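To start, the structure itself, in structure tokens.
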Amino acid sequence: KAKQAGGASLAFFTQDILVEASSRLTIAAELKRAIVDNELELYLQPQLDSASGEVVGAEALLRWNHPVKGFLTPAAFIDVAEQTRAIRLVTGWLVKESFGIIKRWEQAGRDLFLSFNISALDLADNELLLRMTEELEHQQIKPANIELEIVESAIIENFQSASAILSKLRELGFHVAIDDFGTGYSSLAYLDKLPVDKLKIDREFTSKLELGEGAGIVKSIVDLASNFDLRVLAEGVETLEQEQLLKQLGCHRVQGFYYSKPIPLAEFEQKYLLPQA
Ligand code: C2E
Ligand code: MG
Ligand code: MG
Ligand code: MG
């Protein structure tokens with residue numbers, strides 16, 4: 001529309017921007033309400049040790065039971081949340097929930113970890129660090145059972161502040177993973193300085209494993225991880241063949257639909273916690 005000349009199209013164009021801006025504000029405001037009204041829910045996807053095939057932890061993935069729009073996945077709201085300050089409320093909620101879950105698992109005698117996703121804004125100041133510190137004092141869990149997932153760009157865009165905060169979190173004993181590794185900067189100059197424990201290979205590469213071309217990339221990332229003394233997990237494992245190749249390449253951990261889709265917390269606990277309890 002912007003390309004067409006004339007006042008009418010300009011008016012339409014402006015209206016589009018206004019509509020978009022107001023829908024952003026609506027989503028952000030609604031997220032605040034959703035937290036109060038208990039509409040957010042965590043789905044868990046297991047992470048397995050490739051050598052033993054055992055479930056060693058899970059990633060928490062956000063779902064929103066919206067009263068009007070129905071069941072929403074992050075694609076419908078995470079970008080907007082990240083562009084507004086609403087994401088900080090979401091992350092605050094995630095901290096509380098995750099620590100509560102780990103506390104319960106520990107009380108059941110299970111030593112599984114839980115990872116959750118954080119955003120660039122969470123590393124721009126001390127709020128996340130303070131919340132994590134407070135919650136650790138309050139719940140007295142094993143910090144190594146909590147892992148934060150963050151994309152590389154979110155660290156590099158604001159390197160000083162982000163790496164300082166991640167370092168402090170790791171000093172407290174929490175773990176940090178780079179999410180979607182291989183799709184961002186992947187600069188060797190930075191990798192050396194990233195305060196992290198684990199690389200999560202993006203599923204784009206996992207999905208190309210059988211084609212041969214993907215195997216080279218995955219192998220490079222696995223070797224890189226080993227040289228930097230990092231753990232490495234492959235995301236998006238969907239087939240037996242991929243699993244076998246990943247094992248051969250020496251990838252420590254796997255996650256994907258081949259093992260399980262993300263499932264509601266209660267279902268995860270029933271499947272992976274109760275049998276051994
Ligand atoms: P992510 O952290 O990279 O999460 C992996 C996404 O891949 C999840 O989508 C998961 O359901 C999907 N997935 C897992 N295994 C497979 C597979 O084998 N095949 C395929 N095709 N897909 C698979 P989901 O749950 O829709 O989440 C999308 C993204 O939204 C996440 O990507 C993450 O960046 C973001 N996100 C999710 N939960 C949160 C959250 O609580 N906070 C923040 N800040 N971001 C979140
Ligand atoms: Mg993730
Ligand atoms: Mg990912
Ligand atoms: Mg992602």
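Keep in mind that what you see is a predicted model, and the values were worked out from it rather than measured. Just so you know, ligand 1 is whichever comes first in the structure, and atom 1 is the first atom listed for that ligand.
Note on Leu61 and Val56: separate hydrophobic clusters, where clusters join Ile, Leu, Val, Met, Phe, Trp and Tyr whose side-chain heavy atoms are under 4.5 Å apart, directly or indirectly. By the rule that hydrophobic residues join a cluster once side-chain heavy atoms approach within less than 4.5 Å of another member, Phe71 and Leu31 end up as members of separate clusters.
Among the atoms of Arg63, some N or O lies under 3.5 angstrom from an N or O of ligand 1. Here's the thing with Ile78: none of its N/O atoms is less than 3.5 angstrom from an N/O atom of ligand 1. Checked by distance only, ligand 1 and Thr73 stay at 3.5 Å or farther apart across all their nitrogen or oxygen atoms. Between Phe257 and ligand 1, an N or O atom pair is found at a separation short of 3.5 Å.
For the side chain to side chain contact (heavy atoms under 4.5 Å, CB included) test, residues two or more places apart in sequence or in another chain that qualify with Glu97 are Leu42, Trp93.
The residue Asp202 has no part lying near ligand 1, judged by heavy-atom distances below 4.0 Å. The residue Gln255 has no part lying near ligand 1, judged by heavy-atom distances below 4.0 Å. The part of Arg203 lying near ligand 1 is the side chain, judged by heavy-atom distances below 4.0 Å. Contacts between Asp179 and ligand 1, counted as non-hydrogen atom pairs separated by less than 4.0 Å, involve the side chain only. At a heavy-atom distance under 4.0 Å, no atom of Lys261 approaches ligand 1.
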Given Asn145 and Leu112, is the side chain to side chain contact (heavy atoms under 4.5 Å, CB included) satisfied, shown in steps?
CA-CA 6 Å; Asn145 280 338; Leu112 296 176; over 6 Å; no
Side chain to side chain contact (heavy atoms under 4.5 Å, CB included) between Lys32 and Val36: does it pass, once the steps are laid out?
CA-CA 7 Å; Lys32 289 186 197 174; Val36 176; 6.0 Å; no
Verdict with supporting geometry, Phe77 and Val90, side chain to side chain contact (heavy atoms under 4.5 Å, CB included)
CA-CA 11 Å; Phe77 60 89; Val90 172; 5.9 Å; no
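The nearest non-hydrogen atom to atom 29 (C) of ligand 1, considering only Pro74, Ser260, Ala234, Ser207, comes from Pro74.
The backbone N or O of Ser260 lies less than 3.5 Å from a partner atom in the side chain of Gln45, making a donor-acceptor pair. Side chain of Lys200 to backbone of Ile178: no donor-acceptor contact under 3.5 angstrom is found. Formation of a donor-acceptor pair under 3.5 Å by the Ser115 side chain with backbone atoms of Glu149 is not found in this model.
At a cut-off of 2.8 Å, Ser115 does not coordinate the Mg ion (ligand 2) through any N, O or S atom. For Glu59, the nearest N, O or S atom to the Mg ion (ligand 2) falls under 2.8 Å. When distances to the Mg ion (ligand 3) are checked against a cut-off of 2.8 Å, Asp180 contributes an N, O or S atom below that limit. The Mg ion (ligand 3) lies at 2.8 Å or more from every N, O or S atom belonging to Glu149.
Below 4.0 Å from some heavy atom of Asp180 lie the following atoms of ligand 1, by number and element: 3 (O). Listed by number with element, the atoms of ligand 1 under 4.0 angstrom from any heavy atom of Ser119 are 44 (N). Every atom of ligand 1 with a heavy atom of Glu235 under 4.0 Å away is listed here by number and element: 3 (O). Applying the 4.0 Å criterion to heavy atoms of Gly256 picks out, from ligand 1, the atoms 15 (N), 18 (O). Atom numbering of ligand 1 starts at 1 in the shown order; those under 4.0 Å from a heavy atom of Val237 are 18 (O). Each of the atoms 16 (C), 17 (C), 18 (O) of ligand 1 lies under 4.0 Å from some heavy atom of Gly236. For ligand 1, the atoms lying closer than 4.0 Å to a non-hydrogen atom of Ile87 are 44 (N). For ligand 1, the atoms lying closer than 4.0 Å to a non-hydrogen atom of Pro262 are 11 (O).
Heavy atoms from other residues, nucleotides or ligands lying under 6.0 Å from CG of Asp229 number 12 at most. Atom NZ of Lys103 sits in a crowded spot, with more than 12 heavy atoms from other residues, nucleotides or ligands closer than 6.0 Å. Open room surrounds CD on Glu54; 12 or fewer heavy atoms of other groups in view lie less than 6.0 Å from it.
Remark: Asn117 CG to Glu82 CD distance equals 9.0 Å, nearest 0.5 Å.
Centred on the Mg ion (ligand 3), the OE1 atom of Glu235 and the OD1 atom of Asp179 lie at an angle of 100°, reported to 10°.
Ring centroids of Phe174 and Phe116 are separated by 6.0 Å or more, keeping the two rings apart. For an aromatic pair to be called close, the ring centres must be under 6.0 Å apart, and Tyr43 with Phe268 fails this.
Between Ala75 and ligand 1 there is no heavy-atom distance shorter than 4.0 Å. Ligand 1 has at least one atom lying under 4.0 Å from a heavy atom of Glu59.
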